[in-house]
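The structure displayed is predicted, hence computed values, not measured ones. Below, all heavy atoms of this structure are taken into account, side chains as well, without hydrogens, waters or symmetry copies.
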Amino acid sequence: FLQKMLRCKQSAIVVQQGALGQLGTLLSERFPTALHFAVVSDETVWQLHGEALAASLEASGCAGKWHQLSIEPGEAHKTRETKAHIEDWMLAQLCDRDTCVVAFGGGVVGDLAGFVAATYMRGVRVVQVPTTLLAMVDSSVGGKTGLDTPAGKNLVGAFHQPDLIVVDPTVLRTLPRRELCNGMAEVIKAGLIRSEPLFSLVEQNADKVQSLDLDVLTDIVTRSIAIKSEVVELDEKEKGLREILNCGHTVGHAVEALLQPDLLHGECVAIGMVKEVEIARRLAAISADLLNRLTSCLKAYQLPTEVPAGLNIDDIMEKMAVDKKNKAGKKRVVFVSDVGQCQPSACVVEDEVVRLILAKSVCVVPKRAITGTVRVPGSKSISNRVVLMAALGKGRCAISGLLHSDDTKVMLDAVSRLGVKFLEFSDGGRTVTIDGLAGNVTAAGAEEIYLGNAGTAARFLTTACTLASSGSSVLTGNKRMQERPIADLVTALRANGCSIQEERNQGCLPLTVHGTGLKGGVIELAATISSQYVSSILIAAPYAQEPVTLRLVGDVVSEPYIEMTVALMRQFGVDVEKVDARTYRIPLGGYVNPETFQVEADASSASYPLALAALTGGTVTVEAVGQASIQGDAAFCSVLQKMGCQVEQGAQHTTVTGPTDHSQLRGIDVDMGHITDTFMTAAVVMAAAPPGQVSRITNIANQRVKECNRIAAMVCELAKCGVQARELDDGIEIEGAGDRQPQQQQQ
C-alpha cells in the first residue's frame with residue numbers, strides 16, 4: 001500500500017504500511033538538530049513493538065540520542081501524577097529544549113506525552129506514533145493534549161500540534177478485536193458528521209475490517225485522518241466548527257467517566273452518538289432512517305448503543321455539566337441532520353430533553369385525541385425478499401426505501417459473503433444498489449455467516465446457500481436463533497438431494513449447507529410452523545436444475561406472506577403458477593432485476609399509529625399502506641373496525657378514527673392467522689375495552705417460535721398493566737380493563 005502524505009496545521013502525517021521501520025530515518029531527517037528523543041510508551045506497547053522501534057532508531061541518525069520510558073497502560077493512569085513522573089524522568093535524562101518527545105502508543109500515551117511536550121521547558125517538539133486505531137484516526141491528530149481529573153475527562157490540557165505523525169496500520173495486527181472495534185466508533189463518527197462515502201465504506205466492510213484486511217484499514221484510516229485534518233485546519237482551537245468532532249462525546253464522556261475502565265472510550269462514544277442523534281431527532285425531526293442506519297452500523301462492530309443498566313441519570317447529568325462545550329451553564333450537543341451532514345457547531349439542549357432520551361422508560365399520558373398523518377419506515381418483509389432476489393438476479397437494481405434494521409443488515413452482509421461484489425449506498429443510505437449474481441452463488445466457506453436473531457434471513461438463506469456449485473456455508477445466530485425451528489425446511493431440502501448438517505441441535509442453527517445445487521422437481525414441505533420456509537424455496541426455485549413444483553402439507557400459516565413473495569417474484573420477472581391452495585409451480589430462468597425498486601412502507605409498523613387513533617379517539621392516516629399493498633398486514637385496520645373504529649382505506653393510504661370514548665371499544669373474537677405479526681398491537685387495543693368485554697385472538701400459534709414466545713410475553717406484559725390475559729392453544733384471550741390502573745407499577 002503506497003505511502004499517503006497528509007497535513008494538519010504544521011503536522012506532516014505519514015500513513016504507510018511498514019512505516020514503523022522507517023521511523024528513525026523520518027526523525028533524523030525532520031529533526032537533524034535534536035539532541036534527545038524522549039520515547040514515551042506504555043508497558044504493553046513496548047513489549048509488542050519496542051524492539052522494532054528501537055531497531056529503526058539505532059539504524060538511523062537517532063542512535064545514541066534516544067531514551068525510553070514505559071508507563072502503566074490504561075485510562076486510569078492518564079493523571080497529573082503520571083505527567084509529573086514523565087517530566088521528572090526527562091529532567092533526569094538531561095533533556096533540554098532541543099528534545100523531541102515521541103509518543104509511541106494509544107490515546108493515553110499520546111495525550112499525556114503531548115501535554116508534557118506542551119509544558120516541558122515551555123514547549124518542545126512532539127511526534128505522535130499511534131498504535132491503536134482510536135489514536136490513529138482521532139487523538140494523534142489535531143494537537144489536543146490533556147489528562148483526566150476526578151471531575152471528568154480531558155479537563156486539563158493544552159493545544160500543542162505535533163510536528164510529525166507516523167501511522168503504520170500493520171501494528172493493528174496485535175490489537176485485540178474489542179480495541180479495534182473501539183477505534184471504529186471514531187471512524188463511524190467521522191463518516192456520520194462529514195463523509196457519507198466513508199460511512200458507506202465502513203458499513204460494507206465490517207467483515208474485512210474485523211479480519212484485519214490491511215488495505216481496507218489503511219484506506220479507512222487515511223480517509224478518517226483527512227476528515228479530522230480538514231476540520232482542524234478550519235478551526236484549530238475549537239471556536240466553532242471543530243466542535244462537530246465531539247459528536248457523541250457529550251453523553252459519551254459522561255458515561256465513560258462513570259464506567260471506565262469497564263467501558264472503553266469508543267464504546268462510550270457509540271452510546272453517545274445514538275443518544276445525541278435521538279436528541280436531534282426529537283428536536284429537529286430528522287429521519288428515523290438515520291438512527292436505524294447508525295445503530296445497525298455500530299452493532300456490526302459489536303459496539304453498544306444503549307446506556308448500560310444501573311447508571312443513574314442524575315449522575316450522567318452531573319458529569320455532563322462539566323463538559324467543555326457547555327456555555328452559560330447550558331449543555332450542548334452536535335446535531336446530525338443526515339449521514340455526512342451536521343450543524344456547523346454544537347447546539348444548546350435543555351436538561352429536560354436529555355433526561356427524556358436517557359430514561360429507560362417513559363410514562364405516556366395522552367391529554368387529547370392523537371391526530372395526524374404519518375409515513376412509517378420500509379417493510380422488513382419486503383426488504384429481505386427483495387435484497388435476496390436482487391442478489392440472485394441478473395443486472396443492477398437500485399432499491400429505495402429499504403428498512404435499516406438488524407435483519408436487513410445481516411441479509412446485506414450475507415449476500416456479500418455469497419459473492420455479491422457491488423453493494424453501493426446512496427441518497428443518505430436510503431438507496432442500495434446491488435449487482436446481481438445471475439444465480440452464480442459462491443459458498444461462504446469456513447467462516448460463519450452470523451445472523452443474530454434474524455429468522456427471516458436464516459430461513460431464506462438456507463435454501464439460497466444450496467445453489468452454490470461447490471463448497472459449503474455455515475449459518476449461525478445468537479442463542480435464541482439457535483433454538484428457533486427450521487427442521488421442516490431442512491427435511492424438505494434433504495429429500496430433494498441437498499446436503500445440510502445441523503452442527504448442534506437437531507432442527508436448528510447452526511447449519512452447514514453444502515453447495516450441491518437444488519435438484520428441483522416435486523418438493524413437499526410442511527408449512528404449519530412458518531411461511532418463511534415456503535418463501536425460502538420459492539425464492540431459490542428459479543435456479544433449480546429442474547422446474548419446481550412445491551406442494552404444501554398441512555394447514556398453511558401466514559399465507560399472505562407467501563402471496564407477497566409470489567407478487568415480488570413477478571416484479572423480478574418470474575411468474576409463479578398457483579395450481580391449487582397448496583401447490584405452486586415455479587419455472588426456471590432466474591430473475592431479471594428491475595433498474596429501480598421502491599420498498600413499500602411497513603404494514604406491521606403502520607398498526608401502531610392506527611392503534612393510537614383507536615385508543616385516543618383521534619384520526620390517524622398512514623401513507624403508502626393501503627388496498628394496493630402486497631402486505632397482508634395492511635388488513636389490520638379491519639380488526640379495529642370490528643372493535644368500533646371508523647376505517648377508510650384507499651389504494652395508498654389507511655385512515656382510522658377511534659371512538660370518542662374508548663369505553664365504546666368492543667371485545668371481539670378474531671382469527672388473525674393471515675396477519676399474525678399485528679396481533680400484539682390488537683391485544684393492546686383490546687385491553688383498553690371496558691371491563692366485561694372479552695376478546696380472543698386465534699390461529700396465531702406460530703407466534704410462539706419467533707424471537708421469543710410472543711403470546712406468553714404479551715400475557716406477562718399485559719399483567720404488569722393490570723390486564724388479565726390467558727394463553728389459548730392457538731392464541732390469546734384478553735379481558736378489557738378500560739381505565740383501570742395497575743395496582744403496582746412494575747418495570
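Inter-residue side-chain proximity for D338 and E196 is flagged as unmet; no heavy-atom pair is nearer than 4.5 Å. Between R332 and K327, the closest side-chain pair of non-hydrogen atoms falls below 4.5 Å. No side-chain heavy atom of C347 sits under 4.5 Å from any side-chain heavy atom of V333. Contact annotation: the side chain of P73 approaches that of T44 to within less than 4.5 Å [non-hydrogen atoms, C-beta and beyond]. The shortest distance between side-chain heavy atoms of V14 and V167 does not fall below 4.5 Å. Residues Y450 and N478 have side chains in contact (heavy-atom distance under 4.5 Å, counting atoms from C-beta outward). Annotation: side chain of E236 is not in contact with side chain of V231 (no heavy-atom distance under 4.5 Å). The shortest side-chain heavy-atom distance between L412 and E203 does not fall under the 4.5 Å cut-off.
Using a distance-only test at 3.5 Å, with no hydrogens or angles considered, a donor-acceptor pair links the side chain of T145 to the main chain of A158. Judged by distance alone, the side chain of S41 and the main-chain N or O of S70 form no donor-acceptor pair under 3.5 Å. Put simply, the side chain of D42 gets close to the backbone of V45: a donor and an acceptor are under 3.5 Å apart. The closest donor-acceptor contact from the side chain of D235 to the backbone of E238 lies under 3.5 Å. Counting only distance, with no hydrogens or angles, the side chain of K228 and the backbone of V141 share a donor-acceptor pair below 3.5 Å. The closest donor-acceptor contact from the side chain of T132 to the backbone of A135 lies under 3.5 Å. Of the possible donor and acceptor atoms, one in the side chain of D168 sits under 3.5 Å from a partner among the backbone N and O of G18. Under the 3.5 Å distance criterion, the side-chain polar atoms of Q128 are matched with a main-chain donor or acceptor of G110. At least one donor-acceptor pair closer than 3.5 Å links the side chain of R177 to the backbone N or O of Q210. Distance alone, capped at 3.5 Å, places no donor-acceptor pair between the D148 side chain and the K153 backbone.
Side-chain atoms of Q204 and D413 form no donor-acceptor pair, as typed in the model, at a separation below 3.5 Å. Residues S211 and D213 bring no donor and acceptor atom of their side chains to less than 3.5 Å of each other.
In this structure, E233 places its CD atom where more than 12 heavy-atom neighbours from other residues, nucleotides or ligands lie under 6.0 Å away. Heavy-atom neighbours of Q10 CD from other residues, nucleotides or ligands within 6.0 Å: above the threshold of 12. Atom NZ of K65 sits in a crowded spot, with more than 12 heavy atoms from other residues, nucleotides or ligands closer than 6.0 Å.
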Result block: side-chain N/O donor-acceptor pairs under 3.5 angstrom for residues 53-64, not counting sequence neighbours:
| residue | atom | partner | partner atom | Å |
| --- | --- | --- | --- | --- |
| S56 | OG | L20 | O | 3.4 |
| S56 | OG | G21 | O | 3.1 |
| S56 | OG | L23 | N | 3.2 |
| S56 | OG | G24 | N | 2.8 |
| E58 | OE2 | W66 | NE1 | 2.7 |
| S60 | OG | G24 | O | 3.3 |
| S60 | OG | S56 | O | 3.4 |
| S60 | OG | L57 | O | 2.9 |
| S60 | OG | C62 | N | 3.2 |

Please tabulate, one pair per line, all N/O donor-acceptor pairs under 3.5 Å involving side-chain atoms of residues 257-270, not counting sequence neighbours.
| residue | atom | partner | partner atom | Å |
| --- | --- | --- | --- | --- |
| H265 | ND1 | E256 | OE1 | 2.9 |
| H265 | NE2 | E186 | OE2 | 3.1 |
| E267 | OE1 | R178 | NH2 | 2.8 |
| E267 | OE1 | L264 | N | 2.8 |
| E267 | OE2 | R178 | NE | 2.7 |
| E267 | OE2 | R178 | NH2 | 3.4 |

Step-by-step side-chain contact (heavy atoms from CB on, under 4.5 Å) determination, F199 to V187: CA-CA 8 Å; F199 195 94; V187 175; over 6 Å; no
Stepwise side-chain contact (heavy atoms from CB on, under 4.5 Å) test for V101 and M90: CA-CA 10 Å; V101 175; M90 289 177 63; 3.8 Å; yes
Candidate pair D138 and K144, rule salt bridge (charged side-chain N to carboxylate O under 4.0 Å, His left out), full reasoning: CA-CA 10 Å; D138 185 49; K144 277 189 178 181; over 6 Å; no
side-chain contact (heavy atoms from CB on, under 4.5 Å) evaluation trace for S200 with R293: CA-CA 10 Å; S200 293; R293 189 177 177 192; 3.0 Å; yes
Residues T174, H49; criterion side-chain hydrogen bond (donor to acceptor under 3.5 Å, both in side chains); working and verdict: CA-CA 9 Å; T174 61; H49 303 292; 2.9 Å; yes
Verdict with supporting geometry, L164 and L27, side-chain contact (heavy atoms from CB on, under 4.5 Å): CA-CA 9 Å; L164 177 66; L27 292 178; 4.2 Å; yes
Salt bridge (charged side-chain N to carboxylate O under 4.0 Å, His left out) assessment of E278 paired with K275: CA-CA 5 Å; E278 288 179 353; K275 294 305 168 187; 3.4 Å; yes
Stepwise salt bridge (charged side-chain N to carboxylate O under 4.0 Å, His left out) check, E230 with R194: CA-CA 10 Å; E230 175 194 20; R194 202 76 173 170; 3.5 Å; yes
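Of all the heavy atoms in G143 and Q161, the pair that sits closest is N-OE1, 3.4 Å. A321 and N326 get closest at one heavy-atom pair: O-ND2, 3.0 Å. Contact record, A414 with I449: CB-CG2, 3.8 Å, taken as the closest heavy-atom pair. Between G106 and T131, the shortest heavy-atom contact is N-OG1, 3.5 Å.
Of the charged side-chain nitrogens involved, at least one lies within less than 4.0 Å of a carboxylate oxygen, so that D219 and R223 count as a salt-bridged pair. Using a cut-off of 4.0 Å between Lys/Arg side-chain N and Asp/Glu carboxylate O, K324 and E243 are scored as not salt-bridged. Between K78 and E75, at least one side-chain nitrogen of the basic residue sits less than 4.0 Å from a carboxylate oxygen of the acidic one, meeting the salt-bridge criterion. In summary, D351 and R355 do not engage in a salt bridge, as defined by a charged side-chain N under 4.0 Å from a carboxylate O. Taking a cutoff of 4.0 Å between a charged side-chain nitrogen and a carboxylate oxygen, K330 and E350 qualify as a salt bridge.
The line from NZ of K319 to OG1 of T250 is 15.0 Å long, rounded to the nearest 0.5 Å. The distance from the OG1 atom of T99 to the NE2 atom of H67 is 7.0 Å, given to the nearest 0.5 Å. L283 CG to I279 CD1: the interatomic distance, rounded to the nearest 0.5 Å, is 7.5 Å. Interatomic distance, OG of S11 versus CG of D163, reported as 7.0 Å (0.5 Å rounding). In this structure, the separation between CD on Q343 and CD1 on I193 is 13.0 Å, given to the nearest 0.5 Å. Distance check: Q22 CD to E29 CD gives 9.5 Å after rounding to the nearest 0.5 Å.
Because its NZ or CZ atom is both nearer than 6.0 Å to the ring centre of F115 and within 45° of the ring axis, K83 counts as a cation-pi partner of that residue.
Taking the salt bridge (charged side-chain N to carboxylate O under 4.0 Å, His left out) definition, one finds that D96 meets it with nothing, sequence neighbours left out.
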